[in-house]
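Contents: one structure, followed by commentary.
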2 protein chains.
Amino acid sequence: MPEAAIEERRDEGERAPLTRERVFEAALAVVDDDGLEALSMRRLGTALGVDPMAVYRHVDGKDAVLDGVAGLLWGELPPADAGEDWADGLRSFARGVLGLFRRHPHAAPLLIQRFVLPRPALEAVHAHLEALRAAGLDEPRAAQIIRSLLSFAMGYGLAEVTCLGEPGLDGWERMSERERLLCMARGLPEGVPGHLIDAAAAVYAECDPEACFESGLELFLAGVRAQCAEGMRARRAR
Amino acid sequence: MPEAAIEERRDEGERAPLTRERVFEAALAVVDDDGLEALSMRRLGTALGVDPMAVYRHVDGKDAVLDGVAGLLWGELPPADAGEDWADGLRSFARGVLGLFRRHPHAAPLLIQRFVLPRPALEAVHAHLEALRAAGLDEPRAAQIIRSLLSFAMGYGLAEVTCLGEPGLDGWERMSERERLLCMARGLPEGVPGHLIDAAAAVYAECDPEACFESGLELFLAGVRAQCAEGMRARRAR
DNA sequence: ACCTGAACACCGTTCAAGT
DNA sequence: ACCTGAACACCGTTCAAGT
């Protein structure tokens, strides 16, 4: 009865057999808890209750681990809802991408810096591409819109998350304006004139990050809507 | 005559006295040439023709070096042109930010991941904030627009640059579509169905990066223009 | 045949030992 | 008083020596 044997091993705690999946999950846990810099192959091994070098048996090296963690993150992207129209779909998509950054602030750089295209990301891109084409856009234009929107969501997410600074801080949204100002002050050079501090404060500390993202999203979608209407008109004329 | 002494030292090559500036410049050169991962305090020291530990005398540690390199990059941002109206100003700003990423693909992550706000960045933010207010927007709305646009430009830049992959590759724009496809294939999981590959190709390989950035920028600016008109109308009604 | 863990060539940073 | 460079506590990765 092999299942019993597996069960038994599982009871021993960390002694369950290693899988690529288990390695990636442990790595993500380390990063979530203590930051990207805390992730080392040795620490990963001990986190798994295993000889550190045993990890190499399941994974090609540290780069492969980082790619794997990025894959896990993309796996948390909510799938596209076929019931939504293209605009609601793109809204959900952008919010979903931003959510990945917010849920995993320490791991977030991996989303943009490891060039992996896991299936959940591809499925979403495909679905929204189709929705835009159905709304009257040709493929190149639809692709540009997806790429721009993705850039916006990822750039916004990464910028928000790096404002947070070191591991252990609470989310930027949950900070008071005063805390945000202090946090921002770390990034300011000394002896900066007051009007420049005010400008930085307006953009980084006083600016409500949720409202800012939503308004940027709406500006963009309004532009897309205009393009779609144009596309439909052109299609009807044909 | 101290100037002669300095001149003499300069002739000895790398033996000129260390400055924070010189340290940062050497660090940027290393990163530009061989990538972020190649930058170590030891390598930095030898690049400067100096005992590696001497660097610590001028700089707090590696984090300070990375912040300094980020500062150098922001220093290359073209200053805002007072003669431009708000729309041209924002266009130039976004293109200028993207240019930083493209000129320094290996150092680019520092622009978004080190939370420094050097003067050139602050001056630009201030100038465009003022321009938007003059165009009829209140400060919170203007700040949201700057922040969104900056997120878009940085997200676009970083995504483009990480698509490039390892140090030594030429720019994405200079690659043929075929090369781009191959590059993208590295990021694809195996056994992905064809329609998903097509979607990825549309967004990453076939999509002209220049046209995509420009069209995203225009979509966004069109939205801002509508908001400005609204703001002006409200102001006149008051 | 398999897996462990010693060993290699690196890190960032400190600090005592020399001048 | 100053600066060098040895030393410490880590890395990622390999591979031979054991079972």
Side-chain angles (χ1 to χ4, degrees), chain A residues 2 5-6 9 12-20 22-24 26-31 33-70 106-107 109-110 113-114 116 165-167, chain B residues 2 5-6 9 12-20 22-24 26-31 33-70 106-107 109-110 113-114 116 165-167:
Chain A
I6 288 172
R9 285 207 193 162
E12 290 175 34
E14 314 289 2
R15 283 304 175 103
L18 280 191
T19 350
R20 287 170 58 84
R22 287 222 320 137
V23 169
F24 297 151
L28 177 55
V30 169
V31 175
D33 289 347
D34 296 327
L36 253 184
E37 305 193 338
L39 181 65
S40 74
M41 296 302 275
R42 287 167 156 93
R43 163 118 189 230
L44 188 50
T46 61
L48 286 159
V50 145
D51 183 282
M53 304 310 131
V55 179
Y56 281 91
R57 210 142 280 288
H58 298 85
V59 147
D60 263 353
K62 192 176 183 180
D63 272 335
V65 173
L66 295 175
D67 285 344
V69 173
H106 303 328
L110 300 176
Q113 248 155 339
R114 311 299 307 186
V116 291
E166 301 85 45
Chain B
I6 288 169
R9 284 206 192 162
E12 289 175 34
E14 314 289 3
R15 280 307 172 103
L18 280 191
T19 350
R20 288 170 57 85
R22 287 219 320 136
V23 170
F24 298 151
L28 177 54
V30 170
V31 175
D33 289 346
D34 297 326
L36 253 183
E37 304 192 338
L39 181 64
S40 74
M41 296 301 275
R42 286 167 156 91
R43 162 120 190 228
L44 188 50
T46 62
L48 285 159
V50 144
D51 183 282
M53 304 309 130
V55 178
Y56 281 92
R57 209 143 283 285
H58 298 86
V59 147
D60 263 355
K62 191 175 184 181
D63 273 336
V65 173
L66 296 174
D67 285 345
V69 174
H106 303 326
L110 298 177
Q113 247 156 340
R114 311 300 307 187
V116 291
E166 300 87 44

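FYI, side chains are in, hydrogens and waters are out, and symmetry mates aren't considered; it's all heavy atoms of this structure. Order of the sequence lines fixes the chain letters, A, B, ..., with proteins taken first and strands second; residue numbering starts at 1 for each chain.
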Nearest heavy-atom approach of B/Val69 to B/Phe24 is CG2-O, 4.0 Å

*Taking the same atom, P, in D/dT19 and in C/dA7, what whole-Å distance lies between them?*
16 Å

Residue pair A/Ala54/A/Arg42 against DNA chain C: nearer the 5' end by closest nucleotide is A/Ala54

Residues passing the salt bridge (Lys or Arg N to Asp or Glu O under 4.0 Å) test with A/Arg43, sequence neighbours excluded, are A/Asp34

Enumerate the protein-to-nucleotides 14-19 of chain C contacts in which both atoms are nitrogen or oxygen and the separation is below 3.5 Å.
none

Symbol by symbol from the 5' end, with Watson-Crick or G-U pairs under 3.5 Å, [ ] crossing and | another strand, DNA chain C is ||.|||||...|||||.||

Quick check: do B/Gln113 and B/Leu66 have side-chain heavy atoms less than 4.5 Å from each other? no

So the side-chain hydrogen bond (donor to acceptor under 3.5 Å, both in side chains) pairs with at least one residue in residues 55-65 of chain A (sequence neighbours excluded) are A/Asp63-A/Arg114

From CE of A/Met41 across to P of C/dA9 the rounded distance in Å is 20 Å

Rounded to whole Å, the CG-P distance (B/Asp34 to C/dC10) equals 14 Å

To the nearest angstrom, the CZ-P distance between A/Arg43 and D/dG12 comes to 12 Å

With sequence neighbours left out, the residues meeting side-chain contact (heavy atoms from CB on, under 4.5 Å) with A/Ala26 are A/Leu44, A/Leu48

Quiz prompt | Within-4.5 Å side-chain heavy-atom neighbours: B/Val116 and B/Leu110 | solution = no

Separation of D/dC10 atom P from A/Lys62 atom NZ, nearest Å, is 15 Å

To the nearest angstrom, the CG-P distance between B/Leu44 and C/dC11 comes to 12 Å

Sorted by chain and residue number, the side-chain contact (heavy atoms from CB on, under 4.5 Å) partners of A/Ala54 (sequence neighbours excluded) come out as A/Val50, A/Asp51

Separation between CG (B/Asp33) and CG (B/Leu28), nearest 0.5 Å, reads 9.0 Å

B/His58 NE2 to C/dT13 P, in whole Å, measures 17 Å

